[in-house]
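Worksheet: the structure to be examined is printed underneath.
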Amino acid sequence: MMTEEKWTDRIESLNEAAMEASRRKWDSIAKPLHSLGKMEDILVQIAGIKGSSRISLGRKGLVVMCADNGVVEEGVTQTGQEVTALVAENFLSCQATAAILCHKAGADVIPVDIGMVTDTKVMRRKVSYGTKNLAKEPAMTREEAIRALQIGIDLVKELADQGYEILATGEMGIGNTTTSSALASAFLDREVEEMTGRGAGLSTDGLKKKIRVIRQAIHLHLPQCKDAIDVLAALGGLDIAGMAGLFIGGAIYRVPIIIDGFISTVAALTAIRICPACRDFMIASHVSKEPAAAIALEAIGKEAPFHMDMCLGEGSGAVLLFPILDMACEIYEKMSTFDEIELEAYQPLS
């Protein structure tokens, strides 16, 4: 198993030559310069990730990290842990929201049991049967957190070897808005109230309890944490750790990874705190309705194209980017250039 230092050592910068070639390609297409905005920017980024201005996104996948969180013992959720396994299996039968979206978008959905309390039919990469209650003890050991990170990293390689060219991140785990809010508060040194929302629909009293639990956990664990992995182990979940591994793996194996909503953004933040170089290999999709989502995106230096008041999770917002990218690739590869239609090219204005 690699260490965080080895992970960082394996990440190379974006290919600037490929990005410049991609910009020139966009500028040669017979349309006003830069008129497709973020569609152009994202494909240029993907060229830098892939190391080529020839871009193909034929096989797409959504990886859904599924795990349970011991903090549900504190009454910070509206439903019980049995829902995690139920929804996880619904991905296989195409009954979960993100699975239905994947089917429409021509993407595969890949649910992964990285830490559910129940055994199901989904891909098993289980680190443990759920985490501990972070209000009373660290959610994971450091070793468990590193194992979960490595599982995400290795899964990117496995899927890349199968021909996947772009991956979206998703999660399923009752209690994971509590863990993500705790991590965001700790990493960004922001007030817990500012970073904590109602999740799947808490009452006002439930929200107050959730804030108290997170504050208690931060005060209990943070003084002992020496680095980002310690923070992840103390306050996080296996689903977040697995997604953070996906982001690091995307940088190592040069696969673009799409960020979903708040929980996925916190996983991206975690990955950046562990391996700062992985930031350039991430693509934002949407701004979640969760109150801290925009703060977290700004913290990782990402601007999302969609503002749709979504807060479902599962990867549902990330999957919406797939059809946009498919359309961008169609224009990029098939639209006539100025030379082909014998028209004078647009020139940048000073």
Taking ring-ring contact (aromatic ring centres under 6.0 Å, His included) as the definition, give me every residue that meets it alongside Phe306, ordered by chain and number, with sequence neighbours left out. none
Identify the two heavy atoms, one from Phe247 and one from Ala271, that lie closest to each other, and give their separation to 0.1 Å. CB-CB, 3.8 Å
Would Leu36 and Leu43 count as a side chain to side chain contact (heavy atoms under 4.5 Å, CB included) here? Give the steps. CA-CA 11 Å; Leu36 290 179; Leu43 259 60; over 6 Å; no
Could you go step by step and tell me if Leu320 and His286 meet the side chain to side chain contact (heavy atoms under 4.5 Å, CB included) rule? CA-CA 9 Å; Leu320 294 181; His286 74 113; over 6 Å; no
Does Glu12 CD have over 12 foreign heavy atoms under 6.0 Å away? no
Looking only at atom types and distance, does a side-chain atom of Glu171 sit under 3.5 Å from a main-chain N or O of Glu314, one as donor and one as acceptor? yes
Mind checking what makes side-chain hydrogen bond (donor to acceptor under 3.5 Å, both in side chains) contact with Tyr164, not counting sequence neighbours? Arg59, Asp108
Would Glu303 and Asp41 count as a side chain to side chain contact (heavy atoms under 4.5 Å, CB included) if you check the C-alpha gap in whole Å, the side-chain angles of each, and the deciding distance to 0.1 Å? CA-CA 11 Å; Glu303 187 176 351; Asp41 296 339; over 6 Å; no
Is a donor on one side and an acceptor on the other found under 3.5 Å between the side chain of Lys50 and the backbone of Glu165? yes
Tell me, please, which residues at least two apart from Glu144 pass side-chain contact (heavy atoms from CB on, under 4.5 Å). Val127, Ser128, Met140, Thr141
Check: Asp280 main-chain N/O paired with Gln45 side-chain donor or acceptor under 3.5 Å: yes
Evaluate side chain to side chain contact (heavy atoms under 4.5 Å, CB included) for Thr118 paired with Thr84, printing each intermediate quantity in order. CA-CA 9 Å; Thr118 306; Thr84 304; over 6 Å; no
Does Ile274 reach the side chain of Thr8, with side-chain heavy atoms less than 4.5 Å apart? no
Tyr129 and Asp68: side chain donor to acceptor below 3.5 Å: no
Picking from Arg198, Glu290, Lys210, what satisfies side-chain hydrogen bond (donor to acceptor under 3.5 Å, both in side chains) with Thr177? Lys210
Inter- and intrachain pairs under side-chain hydrogen bond (donor to acceptor under 3.5 Å, both in side chains), touching residues 316-331, at least two apart: Lys60-Asp326, Glu330-Lys334
Applying side-chain hydrogen bond (donor to acceptor under 3.5 Å, both in side chains), name anything that partners Ser22, two or more places apart in sequence or on another chain. Tyr332
Shortest non-hydrogen pair, Ala328 vs Trp26, comes out as O-CH2, 3.7 Å
Qualifying residues under side-chain contact (heavy atoms from CB on, under 4.5 Å), relative to Gln78, sequence neighbours excluded: none
With hydrophobic residues grouped by side-chain heavy-atom distances under 4.5 Å, do Leu149 and Leu134 end up in a single group? no
Can you pull the side-chain hydrogen bond (donor to acceptor under 3.5 Å, both in side chains) pairs that have at least one residue in residues 268-279, sequence neighbours excluded? none
Taking every non-hydrogen atom, the tightest pair across Asp239 and Asn176: OD2-ND2, 3.0 Å
Does Thr337 use its side chain to pair, donor to acceptor, with the backbone of Ile29 at less than 3.5 Å? no
May I ask you to test the Val109-Val319 pair for a side-chain heavy-atom distance under 4.5 Å? no
Which pairs pass side-chain hydrogen bond (donor to acceptor under 3.5 Å, both in side chains) with one or both residues in residues 93-107, sequence neighbours excluded? Ser93-Gln95
Minimum heavy-atom separation for Ala145 to Ile229, with atom names? CB-CG2, 4.3 Å
Side chain to side chain contact (heavy atoms under 4.5 Å, CB included) partner of Asn69, chosen from Thr131, Leu238, Thr77: Thr131
Mind listing the closest non-hydrogen atom pair of Ala67 and Ile114 along with its distance? CB-CG2, 3.9 Å
Taken to the nearest 0.5 Å, the spacing of Thr178 OG1 from Lys209 NZ works out to 11.0 Å
Taking a hydrophobic cluster as the set of Ile, Leu, Val, Met, Phe, Trp and Tyr residues connected by side-chain heavy atoms closer than 4.5 Å, whether directly or through intermediates, do Leu297 and Ile295 fall within one such cluster? yes
Is the backbone of Lys289 close enough, under 3.5 Å, to the side chain of Asp309 for a donor and an acceptor to pair up by distance? no
Ignoring hydrogens and geometry, is there a side-chain-to-backbone donor-acceptor pair from Glu40 to Ser35 under 3.5 Å? yes
Closest heavy-atom pair, Val255 versus Ala160, reported as atoms and distance to 0.1 Å, is CG2-CB, 3.9 Å
Looking at residues at least two apart in the chain, or sitting in another chain, which of them share a side-chain hydrogen bond (donor to acceptor under 3.5 Å, both in side chains) with Lys136? none
Is the count of non-hydrogen atoms from other residues, nucleotides or ligands lying under 6.0 Å from Glu333 atom CD greater than 12? yes
I'd like to know if the side chain of Asp260 and the backbone of Gly315 have a donor-acceptor N/O pair within less than 3.5 Å. yes
If the condition is salt bridge (Lys or Arg N to Asp or Glu O under 4.0 Å), which residues does Glu158 pass it with, not counting sequence neighbours? Arg125
Quick check: are there more than 12 heavy atoms from other residues, nucleotides or ligands sitting under 6.0 Å from CD of Glu191? no
Validation row: Ile252, Phe281 side chains within 4.5 angstrom (heavy atoms): no
More than 12 heavy atoms of other groups within 6.0 Å of Gln224 CD: yes
State, with a plain yes or no, whether a side-chain heavy atom of Met123 is found less than 4.5 Å away from one of Leu155. yes
Taking atom CD of Glu344 as the centre, does the number of heavy atoms from other residues, nucleotides or ligands within less than 6.0 Å exceed 12? no
With a 4.5 Å limit on heavy-atom distance, are the side chains of Val83 and Met172 in contact? yes
Set of salt bridge (Lys or Arg N to Asp or Glu O under 4.0 Å) partners for Lys157, sequence neighbours left out: Asp161
Side chain proximity check, Glu82 to Leu86, heavy atoms < 4.5 angstrom: no
Is a side-chain N or O of Ser28 found less than 3.5 angstrom from the main chain of Lys25, in a donor-acceptor match? yes
Whether Ser264 side chain and Gly170 backbone form a donor-acceptor pair below 3.5 Å: no
Side chains of Thr265 and Lys302: do they bring a donor and an acceptor to under 3.5 Å? no
Hey, are Asp113 and Arg124 close enough for a salt bridge, meaning a charged N less than 4.0 Å from a carboxylate O? no
Report, as yes or no, whether the 6.0 Å neighbourhood of atom CE on Met335 holds more than 12 heavy atoms from other residues, nucleotides or ligands. yes
Would you call Leu62 and Ile110 a side-chain contact if the rule is heavy atoms closer than 4.5 Å? no
Taking the side chain from Ser288 and the backbone from Cys311, do they hold a donor-acceptor pair closer than 3.5 Å? no
Hits for side-chain hydrogen bond (donor to acceptor under 3.5 Å, both in side chains) against Arg142, two or more places apart or cross-chain, chain-then-number order -> Glu4, Asp227, Asp230
